[in-house]
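Have a look at the structure below before the remarks.
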Amino acid sequence: MPSAEDTSVHQERPVVRPTHRDEVAAAGSELIGGRSGRWSRLGSAALAPVGAIALVAIGMFALGMVQKLPCYNWAWFRGAGSQYTHACYSDIPHLYSGRGFADGLVPYFDRLPGDMQFLEYPVLTGVFMQVAAWLTPGGSIQEQEQAYWLVNAGMLMVCTAVIAVCVARTHRRRPWDGLLMALAPAFALTATINWDLLAVALTAGAMLMWSRSRPLAFGILIGLATAAKLYPVLLLGPAFVLCWRAGKWREFGAAVLGAAGSWLVVNLPVMVFAPEGWKKFYTFSEERGIDFGSFWLVITQRTGEPIDVGTVNTVSTVTTIALCAAIGVLTLTAPRRPRFAQLAFLVVAVFILVNKVYSPQYVLWLIPLAALARPRWRDFLIWQTCEVLYFLGIWLYLAYTTSGDKHQGLPTEGYQLAIVLHLLGTLYLCAVVVRDILTPERDGVRRDGSDDPSGGVLDGAEDVFVLSHLVESGAARRNALPATPGPRVEWGTAGGPAAD
């Protein structure tokens, strides 16, 4: 834990002005009068940047709702093609009827008609969906579906505000990095496609708690987020290897206990009283075939040969484990301990890249993490451009497949190009994050001498385990870096600690 004196000094340091450090941010600021001046009140009121970022995020969310208006007014209810050509599809109104909410069925307990049998979402997301259904007024089925989408949009807007506040506050001296998340076009376009923002908001809250040295609260929120979507549990991996390198086992243990406890609190009642319904999410994830957005789909479409779902599951799992292990080795051999946000972004990106499906809203998982891992506008906008092109590509491809002999939309080859662009954009951002880890002097967050603003107990901590024999070639770079608070301790080849 940092001392009160260290914390005071940390808080008194000035707020970072991105318009003075980022060329793209400086150019964009010309739209509102140019770079911030010396008398601007960036840090005089702690909530001023945070409030502004939250308002921008809500404004962009509202623009995303406006983009869905053609579907809200008519396209959701007049066949499949129109909602694709207007790129305004959403699962929410369709699943209101398709998953029994319109009929008053209780998720996980009541069996659905048809092949689905039970709701295929994790428990906390199912609770979110059910609460929205309780708040939906009566009327014709179309009016109910419209109202259900509006109610969910209102609840997801609250999640958006929470995400914006958490991202802006995670790095104390860099609140304006939250604008990356708030202004992300892919965020606005995909926010109301599904219910992912619930898990994203809980994960953003967990990141904030970790940055405030509250590992138990971090774990509790990660457990809740995992009860809403599977991917947040991956963040325990970066916490493990970073705590290993820093010797913070007590803090990691608290995080794991918090995560397991909160996940069980949410899931155990349904596991006990509706086991078949509870298992549906996991069996559906395992049995689901190759689907939109994955490189697996490109392979099958190009070769014309199907791939067994069991093979895909095995290869995806093994590849994910191998890549996460590589990230772990990178963590233990890097010339300087990586920042928590960097590793969090990388492990979630790995999960997305090798998965057998990539729904357009999955980009929401990465946007807050990317804003913290690589807060540089040029790289962020390159990635966002690829994601927006993929967003348009999938809907135009679906329009093509549903247009019959008219062949209106994007043919298969064009959609494959959109998938490749998405993959390349994500890989590009992963590459620059890895480069920052290997050459930390290029990491914009650390250029002012900061260590790990999102690291909490890791920020400025000593290293107690480093695979030093693999990083001797990085010694020159390490010596050129700004000093990290506290002595550095490595395990040498003789088996004992050696301070440098």
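Atoms considered below: every heavy atom in the structure, side chains included; atoms not considered: hydrogens, waters and symmetry mates. No experiment lies behind these values; they were computed from the predicted model shown.
- The minimum heavy-atom distance linking P238 with V347 is given by the pair CG-CG2, 3.8 Å.
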Side chain to side chain contact (heavy atoms under 4.5 Å, CB included) between R447 and E441, intermediate numbers included: CA-CA 6 Å; R447 284 181 181 172; E441 64 271 17; over 6 Å; no
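- R435 CZ: more than 12 foreign heavy atoms inside a 6.0 Å radius.
- The main-chain N or O of G139 is found under 3.5 Å from a side-chain atom of Q144 such that the two form a donor-acceptor pair.
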For W74 and S82: C-alpha separation, side-chain torsions, deciding distance, then whether side chain to side chain contact (heavy atoms under 4.5 Å, CB included) applies. CA-CA 9 Å; W74 59 278; S82 296; 3.4 Å; yes
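- Here the straight-line distance linking atom CE of M60 with atom CG of L55 works out to 14.0 Å at 0.5 Å rounding.
- Between F77 and C71, the shortest heavy-atom contact is CE1-O, 4.0 Å.
- In this structure a side-chain-to-backbone donor-acceptor pair under 3.5 Å is present from E143 to S140.
- Put simply, CH2 on W395 and CG on L189 are 11.0 Å apart, with the number rounded to the nearest 0.5 Å.
- Side chains of M207 and L369 form a contact here, defined as non-hydrogen atoms less than 4.5 Å apart.
- A parallel orientation is assigned to the rings of Y89 and H94, their planes being inclined by less than 30° (bins at 30° and 60°).
- With rounding to the nearest 0.5 angstrom, the SG atom of C88 is 13.0 Å from the CE atom of M65.
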Might you work through the ring-ring contact (aromatic ring centres under 6.0 Å, His included) test for W383 and H422, ending with a clear yes or no? CA-CA 8 Å; W383 171 57; H422 143 66; 9.2 Å; no
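- Side-chain atoms of R339 come within 3.5 Å of backbone N or O of A373 as a donor-acceptor pair.
- Within the 4.5 Å cutoff, the side chain of L180 has heavy atoms near those of the P375 side chain.
- Residues E120 and R288 are not paired through a salt bridge, judged by the lack of any N-O separation under 4.0 Å between the basic side chain and the carboxylate.
- A heavy-atom distance below 4.5 Å is found between the side chains of N313 and K356.
- The backbone N or O of V233 sits less than 3.5 Å from a side-chain atom of T226, completing a donor-acceptor pair.
- Between Y390 and G293, the shortest heavy-atom contact is OH-CA, 3.0 Å.
- Checked against D436 for a side-chain hydrogen bond (donor to acceptor under 3.5 Å, both in side chains), the options R442, R376, R446, R374 give a single hit: R374.
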Determine whether E145 and S97 satisfy the following criterion, side-chain hydrogen bond (donor to acceptor under 3.5 Å, both in side chains), listing intermediate values before the conclusion. CA-CA 8 Å; E145 290 179 351; S97 299; 2.7 Å; yes
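- In this structure, T426 contributes its side chain and L423 its backbone to no donor-acceptor pair below 3.5 Å.
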Could you go step by step and tell me if S450 and D452 meet the side-chain hydrogen bond (donor to acceptor under 3.5 Å, both in side chains) rule? CA-CA 6 Å; S450 297; D452 186 0; over 6 Å; no
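- Nearest heavy atoms, P338 versus L242: O-CD2, 3.4 Å.
- Under 4.0 Å is where a charged nitrogen must lie from a carboxylate oxygen, and between D448 and R173 at least one such pair does.
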Please lay out, stage by stage, how T85 and Q408 fare under the test side chain to side chain contact (heavy atoms under 4.5 Å, CB included). CA-CA 9 Å; T85 55; Q408 295 176 338; 5.6 Å; no
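- In this structure, OG1 on T331 lies 10.5 Å from CZ on F240, to the nearest 0.5 angstrom.
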Using side chain to side chain contact (heavy atoms under 4.5 Å, CB included), reason through S359 and I193 one step at a time and then give a plain yes or no. CA-CA 9 Å; S359 298; I193 290 179; over 6 Å; no
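- Residue E286 places its CD atom among 12 or fewer non-hydrogen atoms of other residues, nucleotides or ligands, all under 6.0 Å distant.
- Heavy atoms from other residues, nucleotides or ligands lying under 6.0 Å from CZ of R214 number 12 at most.
- Between M157 and T192, the closest side-chain pair of non-hydrogen atoms is not below 4.5 Å.
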Determine whether D196 and Y362 satisfy the following criterion, side-chain hydrogen bond (donor to acceptor under 3.5 Å, both in side chains), listing intermediate values before the conclusion. CA-CA 8 Å; D196 294 63; Y362 288 3; 5.9 Å; no
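- R99 places no side-chain N or O within donor-acceptor distance of the main-chain N or O of M116, the cut-off being under 3.5 Å.
- In this structure, L197 CG and N152 CG are separated by 11.0 Å, a value rounded to the nearest 0.5 Å.
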Applying side-chain hydrogen bond (donor to acceptor under 3.5 Å, both in side chains), run through Y108 and D110 and close with a yes or a no. CA-CA 6 Å; Y108 314 110; D110 292 337; over 6 Å; no
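- Using a 4.5 Å cut-off on side-chain heavy atoms (C-beta onward), F101 and M129 make contact.
- With Y121 as the fixed residue, the ring-ring contact (aromatic ring centres under 6.0 Å, His included) test singles out one of W195, F284, F281, W278: W195.
- Ring pair W149/Y72 is tilted by interplanar angle, where 30° to 60° counts as tilted.
- Looking only at distances, no side-chain donor or acceptor of T190 sits under 3.5 Å from a matching main-chain atom of Q361.
- Annotation for C166 and G205: closest pair SG-CA, 3.7 Å, computed over non-hydrogen atoms.
- Between the Q384 side chain and the A186 main chain, a donor and an acceptor come within less than 3.5 Å of each other.
- Residues T319 and V350 are not in side-chain contact: their nearest non-hydrogen atoms beyond the backbone lie 4.5 Å or more apart.
- By the 4.5 Å heavy-atom criterion applied to side chains, W263 and L224 are not counted as neighbours.
- For the pair L372/F345, no side-chain contact is recorded, criterion being any heavy-atom separation below 4.5 Å from C-beta on.
- For the pair L366 and A349, the tightest heavy-atom approach, listed with the atom from each and the gap, is CD2-N, 3.7 Å.
- Note that CD1 of I327 is 8.0 Å distant from CD1 of I437, once rounded to the nearest 0.5 Å.
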